[in-house]
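Here the structure comes first, spelled out in structure tokens, and everything after it is commentary.
Chain letters run A, B, ... following the sequence lines, proteins first and then strands; every chain starts at 1.
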Protein chains: 2
Amino acid sequence: MARSPTNIQNKASGRAGEAEETRLNILDVATLEFADKGLSGARIDEIAERTDASKRMIYYYFGSKEGLYRAVLERAYTAVREIDADNTRSDLAPDAALRDVVGATFDYHHQHPEFVRLVMNENILRGAHIGEIPGIRERNRKVVEQLRNILARGVASGHFREGIDPLELHMTISALCFYNVSNRYTVSYGFERDVTAPKILARRRGNVIDIVESWCRA
Amino acid sequence: MARSPTNIQNKASGRAGEAEETRLNILDVATLEFADKGLSGARIDEIAERTDASKRMIYYYFGSKEGLYRAVLERAYTAVREIDADNTRSDLAPDAALRDVVGATFDYHHQHPEFVRLVMNENILRGAHIGEIPGIRERNRKVVEQLRNILARGVASGHFREGIDPLELHMTISALCFYNVSNRYTVSYGFERDVTAPKILARRRGNVIDIVESWCRA
DNA sequence: ATTCTTGTGCTAACTATTTCGTACACTGAT
DNA sequence: ATCAGTGTACGAAATAGTTAGCACAAGAAT
């Protein structure tokens, strides 16, 4: 029952760097596997097989299947910061800034389906693990603050109308970008249409930007 | 693990209808279970336990775990027809019709989270089973045709602008309605906000309708 | 310098349990 | 007596997690 440390951060001793390398390799494989099959669908044995390490190593570093899952989720959420981290967009006009945010969000989702699938899975699990990941609150807040800023500038410049809640805007953008990837296999079932085809994707991207902008426009 | 002795469930009596009753009872329980945990997360034994029947019956009627899952999915998809089946909305003005469709879609998703979760799960499975469900193609087409109709009427009456693809509109509506339920546990993590609270829900509903309308408006 | 000790990184084989599915016997209505 | 419907107990495979211990490097003791 005792939770194992799992914190072994190899520095100083042993074969330098080897440990971290193994850890990351496991994390990479596990990310694909969990994104592919979900927490309950993924198999530790299979992850172990695809790794350069052995099954024992997974338990050595991550303690349990859930521990591994949490580590995977945490890394994916950390990586997602690149969307907004350095992009303050304060140099852009409000409407251009908004379009830029929406476009970047759309692209990120499209380029990282494994992240989308991990989030889907986490929602299937009713967010059981998301609370344990440090920094998510801050990240979410930051995104919303950025939107609030863009909205305020837009209202001041006459581009946008008043009364739009940044959080609602955030949900709108997320929904439009997320859904395309998350529901890829069921959405337009019955139509001759591959939602990943460049042409269709580009059109959808443009539409998503338009939708958001037309809602905000004064 | 001594399970309950005898689950006497039988009222005995006429076979007529009893079989179907058992079948439906299994289907009900399985729907909740699959929606809750997904295909790989759900446990046949647990489903059996919560049923008025026994595990044997599940295999008797549905053959396998996947067979049961498929039956569950099929029924959920059949049930969803109620959104649009009789609602042609031809009596409404185009803009009112659109608002009505969006509102009804929003409500349906909110009222049937188990359907949303089944669809999420099916997407995790990369739509492995959706193809085997008869009538989905037609249903999807019908929805899109209804939107095409509304759009055409709206363009004619000057309410809507030209050039909106009904399929894109459908995706937009679905995305905005689906996401609220599907990503309930991760969306606004970090905000003091319960996305199921009546007030917040009503506001979101209004916004979703506005978003769609403002995009279509001439 | 050589040996002893210690701790990390790691492997292979094993265990205990879970879990899907089945064999078989039974029951009551027609 | 037949047969759809049913319960109980079990089998076989899969699967999460563990046990026991080896290899190697670096520092301490000799």
Side-chain angles (χ1 to χ4, degrees), chain A residues 1-27 29-30 33-34 36-72 125 129, chain B residues 1-27 29-30 33-34 36-72 125 129:
Chain A
M1 216 54 71
R3 186 137 285 315
S4 51
T6 71
N7 278 341
I8 308 126
Q9 217 51 283
N10 159 43
K11 308 262 109 104
S13 54
R15 279 135 296 187
E18 295 235 336
E20 195 57 14
E21 200 178 293
T22 302
R23 238 186 70 96
L24 287 178
N25 175 236
I26 292 173
L27 225 35
V29 175
E33 194 70 9
F34 282 129
D36 197 40
K37 323 249 183 78
L39 174 57
S40 52
R43 299 288 163 241
I44 289 282
D45 286 297
E46 203 162 322
I47 293 173
E49 234 171 77
R50 299 191 187 184
T51 302
D52 290 334
S54 70
K55 181 157 78 149
R56 183 64 187 82
M57 283 296 90
I58 293 173
Y59 287 95
Y60 183 67
Y61 284 120
F62 302 100
S64 66
K65 190 185 187 184
E66 291 210 350
L68 178 58
Y69 171 80
R70 247 178 273 125
V72 163
L125 298 173
H129 304 91
Chain B
M1 278 319 162
R3 255 304 126 233
S4 57
T6 19
N7 259 7
I8 322 107
Q9 89 277 346
N10 212 356
K11 284 92 249 257
S13 73
R15 255 64 241 258
E18 293 244 332
E20 194 58 14
E21 200 178 292
T22 301
R23 240 187 69 96
L24 287 177
N25 175 235
I26 292 173
L27 226 34
V29 174
E33 193 70 9
F34 282 129
D36 198 39
K37 323 249 184 79
L39 174 56
S40 53
R43 299 289 164 242
I44 289 282
D45 286 295
E46 201 162 324
I47 294 173
E49 234 171 78
R50 300 191 186 183
T51 303
D52 289 336
S54 71
K55 184 160 72 152
R56 182 67 188 76
M57 287 294 90
I58 292 173
Y59 286 94
Y60 185 68
Y61 285 121
F62 302 99
S64 67
K65 190 185 186 183
E66 290 210 350
L68 178 58
Y69 171 78
R70 248 178 272 126
V72 163
L125 298 173
H129 305 91

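Whole-Å rounding puts the B:I44 CD1 to D:dA13 C1' distance at 16 Å. When rounded to the nearest whole Å, the span between CG of A:D45 and C1' of C:dT11 equals 14 Å. Straight-line distance from the CZ atom of B:F62 to the P atom of C:dT22: 16 Å, rounded to whole Å. D:dT18 atom C1' lies 9 Å from atom NZ of A:K55, rounded to whole Å. Between A:Y69 atom OH and D:dT15 atom C1' there is a gap of 19 Å when expressed in whole angstrom units. Atom pair A:N25:CG and C:dG9:C1' shows a separation of 14 Å (rounding to whole Å applied). Separating the CZ atom of B:R23 from the C1' atom of D:dA4 is a distance of 15 Å, rounded to the nearest angstrom. Computed from coordinates, the A:F34 CZ to D:dA16 C1' distance equals 12 Å when rounded to whole Å.
Which of C:dG21, D:dT19, D:dT6 sits closest to the side chain of B:K65 comes down to C:dG21. The side chain of B:Y59 lies closest to C:dG21 when the candidates are C:dT11, C:dG21, D:dA16. Side-chain proximity of A:R56 to the nucleotides C:dG9, D:dG7, D:dT18 is greatest for D:dT18. Closest to the side chain of B:R43, out of C:dG9, D:dT6, C:dT19, is C:dT19.
Taking each heavy atom of B:A30 and B:V72 in turn, the nearest pair found is CB-CG2, 3.7 Å. Contact between B:I47 and B:V29 at its shortest, heavy atoms only, is O-CG1, 3.6 Å. The heavy-atom pair separating B:F62 from B:R23 by the smallest distance is CE2-NH1, 3.6 Å.
Using a 4.0 Å heavy-atom cutoff across all strands shown, A:A48 reaches no nucleic acid atom at all.
The shortest distance between side-chain heavy atoms of A:M57 and A:I26 falls below 4.5 Å.
At C:dC20, none of the side-chain N or O atoms of B:S64 fall inside 4.0 Å of OP1 or OP2 (strictly under the cut-off).
Of the residues B:K55, B:R56, B:R50, the one that meets the salt bridge (charged side-chain N to carboxylate O under 4.0 Å, His left out) test with B:D45 is B:K55.
The 5' end of DNA chain D is approached more closely, in terms of each residue's nearest nucleotide, by B:Y60 than by the other of A:L39 and B:Y60.
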